[in-house]
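Just so it is clear, the model here is predicted, and its values are computed rather than measured.
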Amino acid sequence: SLHGGLMGALIECGAAGCAVSAGGSENIVASDMLIRFLSVVKVGPARAVSRVIRTGRRTIVVQCDVIDAGDNRKLVASATLSYARLDA
């Protein structure tokens with residue numbers, strides 16, 4: 001199974017890429033992350049799927065789900081992350 005800390009790193013990397021694309025700048029920093037661990041990754045591979053929920057002048061909020069791609073795309077974790085834009 002996938003360790004929770006490693007899953008957190010996967011979530012942060014996937015969400016940061018989405019936030020950089022939405023913000024149009026690499027000058028962002030994570031300000032908040034809430035992860036809900038729902039199940040374990042049994043088959044693998046694990047895949048992070050991110051989408052922007054809100055883009056403001058100074059913040060970007062991203063939703064990131066981790067799925068077990070080998071187990072009928074089973075949802076194993078869901079996270080919400082907030083990023084602060086440093087150049088806003």
Side-chain angles (χ1 to χ4, degrees):
S1 64
L2 183 62
H3 184 271
L6 187 56
M7 193 179 303
L10 173 69
I11 289 168
E12 208 283 321
C13 288
C18 193
V20 165
S21 295
S25 171
E26 293 182 1
N27 294 326
I28 61 168
V29 64
S31 59
D32 182 57
M33 179 167 63
L34 172 67
I35 304 174
R36 291 162 296 279
F37 297 101
L38 306 172
S39 182
V40 298
V41 177
K42 291 183 180 178
V43 178
R47 179 170 292 149
V49 179
S50 301
R51 67 182 176 95
V52 175
I53 295 175
R54 181 181 186 281
T55 302
R57 268 186 340 165
R58 297 180 185 234
T59 61
I60 301 168
V61 181
V62 178
Q63 171 72 37
C64 185
D65 293 329
V66 177
I67 58 169
D68 187 344
D71 192 10
N72 293 326
R73 298 184 56 86
K74 180 180 175 185
L75 181 66
V76 295
S78 184
T80 306
L81 297 92
S82 296
Y83 290 91
R85 298 172 70 174
L86 301 178
D87 57 356

Do I67 and L2 share a hydrophobic cluster (ILVMFWY, side-chain heavy atoms under 4.5 Å, transitive)? no

CD (E26) and CD1 (I28) are apart, to the nearest 0.5 Å, by 8.5 Å

Joint hydrophobic cluster, V40 plus L10, side-chain heavy atoms closer than 4.5 Å: no

Work out which heavy atom in Y83 is nearest to a heavy atom in A16; give both atom names and the distance. OH-N, 3.2 Å

What are the two closest non-hydrogen atoms of S31 and A84, and how far apart are they? OG-N, 4.3 Å

Any chain of hydrophobic side-chain contacts (each under 4.5 Å) joining V20 to I53? no

Main-chain N/O of R73 paired with D68 side-chain donor or acceptor, under 3.5 Å: no

To the nearest 0.5 Å, how far apart are CD1 in I60 and SG in C18? 9.0 Å

With sequence neighbours excluded, tell me which residues meet side chain to side chain contact (heavy atoms under 4.5 Å, CB included) with S39. K74, V76

Mind checking what makes side chain to side chain contact (heavy atoms under 4.5 Å, CB included) contact with T59, not counting sequence neighbours? R54

Taken in chain and number order and not counting sequence neighbours, the residues that satisfy side chain to side chain contact (heavy atoms under 4.5 Å, CB included) with D65 are Q63, L75, S78

Looking at every non-hydrogen atom in both residues, tell me the closest pair between V61 and S82 and how far apart they are. CG2-OG, 4.1 Å

For V66, the option from I35, I11, L38 that meets side chain to side chain contact (heavy atoms under 4.5 Å, CB included): I11

Shortest non-hydrogen contact between V62 and A15, atoms and distance: CG1-CB, 3.8 Å

Nearest heavy atoms of G23 and R85, plus distance in Å: O-NH2, 3.2 Å

